[in-house]
S.K.: 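Encoded as structure tokens, here's the structure I'll be asking about.
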Amino acid sequence: MTAMEAAALHDWPDDARTARGIQQALAGRVRLEDDTGAVSTLAGVDTGFEAGGRTARACVALFRWPDLTPLETVIGRAPVTFPYIPGFLSFREMPAILAAMAQLEHLPDLLLCDGQGIAHPRRLGIASHLGLWLDRPAIGVGKSRLCGSHAAVGEQRGDQEPLLDGDARIGTVLRTRSRVKPVFVSPGHRVSHDGAVAWVMATLSRYRLPEPIRAADRAASRRG
DNA sequence: GCGACAG
DNA sequence: ATCTTGTCGC
């Protein structure tokens with residue numbers, strides 16, 4: 001990696017201007033080839049807020065693969081030092097996520113993150129940023145669109161349409177439940193578009209979101 | 001200038 | 001994301 005990239009990876013900004021520079025420096029390091037190796041554990045990642053929004057509370061819900069047995073749930077907290085600005089979500093939530101990850105004996109072999117991967121204005125959504133930071137395969141699963149356009153998606157479970165930004169494919173709009181609003185799937189790091197969609201489909205139960213993300217979502221937003 | 005805009 | 005109770009429906 002270049003010196004600028006090395007400096008940007010584990011560096012932290014305190015303003016959007018600097019954050020944008022970090023995103024631009026890191027985006028080129030994202031790998032879109034499937035490089036998951038042997039997956040024996042995977043985790044869902046989500047963040048909630050408490051104390052009137054002054055504290056971020058992240059949850060990492062670890063599961064065994066391929067049986068999807070729940071293994072462990074950890075919670076990490078961190079002061080919120082960055083405002084919510086579309087396109088800069090990772091700078092708000094990652095400190096808490098990293099605090100949660102630090103509680104695990106071993107990092108998950110694959111991360112499913114609530115939010116976008118490369119389906120981002122500068123191709124560095126939270127799943128990409130986190131995947132790069134931890135050097136782990138990561139997938140972004142957004143409940144709504146940040147950027148890009150797409151054709152109408154079929155109404156049946158499994159129907160999908162590529163998410164495009166001009167000529168470039170940045171993700172997939174995937175119907176995870178028949179007649180229910182689709183999700184926005186995009187590679188975070190070390191996974192392909194098709195690989196990301198396959199992982200999401202493989203971790204679904206009967207709901208709209210993958211089970212690992214649902215579990216993280218519950219723990220992260222649960223009061224107390 | 002106007003509209004869009006992850007969580 | 002969060003502030004918030006009950007309620008309609010499978």
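Letters go in sequence order (proteins before strands), and every chain restarts at 1.
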S.K.: Starting from C1' on B/dG7, measure out to CG on A/D217 and report it in whole angstrom.
M.R.: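 Rounded to the whole Å, the gap is 11 Å.
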S.K.: Need one value for A/G87: base, sugar-phosphate or nothing, where a base atom within 4.0 Å counts as base even if backbone is also close, heavy atoms only.
M.R.: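 A/G87: base contact, heavy atoms under 4.0 Å.
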S.K.: How long is the line joining CD of A/E50 and C1' of C/dT4, in whole Å?
M.R.: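 To the nearest whole Å, that distance equals 18 Å.
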S.K.: Can you check whether A/R145 has a side-chain N or O nearer than 4.0 Å to OP1 or OP2 of B/dA4?
M.R.: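 For A/R145, the contact criterion (side-chain N or O under 4.0 Å from OP1 or OP2 of B/dA4) is not met.
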S.K.: Between A/Q116 (CD) and B/dC5 (C1'), how many Å, whole number?
M.R.: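 It is 11 Å, rounded to the nearest whole Å.
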S.K.: Does either side chain, that of A/R122 or that of A/Q24, offer a donor lying less than 3.5 Å from an acceptor on the other one?
M.R.: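 Side-chain D/A pair, A/R122 to A/Q24: absent.
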S.K.: Would you say the side chains of A/E50 and A/T55 form a donor-acceptor pair under 3.5 Å?
M.R.: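 No, no side-chain donor-acceptor pair sits under 3.5 Å.
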S.K.: CG of A/D165 to CD1 of A/I118: how many Å apart, nearest 0.5 Å?
M.R.: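 So the gap between those two atoms works out to 10.0 Å.
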S.K.: Return the value, rounded to whole Å, for the distance between atom CZ of A/R57 and atom C1' of C/dA1.
M.R.: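 Distance, rounded to whole Å: 11 Å.
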S.K.: Is A/K143 close enough to B/dG7 that one of its side-chain N or O atoms is under 4.0 Å from OP1 or OP2 there?
M.R.: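 Yes.
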S.K.: Is the aromatic ring centre of A/Y84 closer than 5.5 Å to the centre of the six-membered base ring of B/dG7, with the two planes inclined by less than 30°?
M.R.: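 Answer is yes, a stack.
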S.K.: Rounded to whole angstroms, how far apart are CG on A/L146 and P on B/dA6?
M.R.: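 After rounding, the gap between these two atoms is 6 Å.
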S.K.: Check for me whether A/R214 meets the cation-pi criterion with A/Y207, that is, NZ or CZ under 6.0 Å from the six-membered ring centre and within 45 degrees of the ring axis.
M.R.: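 Yes, cation above the ring, under 6.0 Å and within 45°.
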S.K.: At 4.0 Å (heavy atoms only), tell me whether A/F82 reaches a base, stays on the sugar-phosphate, or touches nothing.
M.R.: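 Counting heavy atoms under 4.0 Å across all strands, no contact is made by A/F82.
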S.K.: Do A/E211 and A/S205 pair up side chain to side chain, a donor and an acceptor below 3.5 Å, judged on atom types alone?
M.R.: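 The criterion, which ignores hydrogens and geometry beyond distance, is satisfied for A/S205 and A/E211.
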S.K.: Would you tell me if any nitrogen or oxygen in the side chain of A/S144 comes within less than 4.0 Å of OP1 or OP2 on B/dG7?
M.R.: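 Yes, A/S144 has a side-chain N/O under 4.0 Å of OP1/OP2 on B/dG7.
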S.K.: Expressed as a whole number of angstroms, how long is the span from A/I126:CD1 to B/dC5:P?
M.R.: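 To the nearest whole Å, that distance equals 19 Å.
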S.K.: B/dC5 P sits how many Å from A/D165 CG, rounded?
M.R.: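 Taking atom P of B/dC5 as the reference, CG of A/D165 is at 14 Å.
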S.K.: May I ask you to say what A/G142 touches in the nucleic acid, namely base, sugar-phosphate or nothing, with a heavy-atom cut-off under 4.0 Å?
M.R.: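 Touches sugar-phosphate only.
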S.K.: In whole angstroms, how far is the P atom of B/dA6 from the CG atom of A/L209?
M.R.: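 Result: 16 Å.
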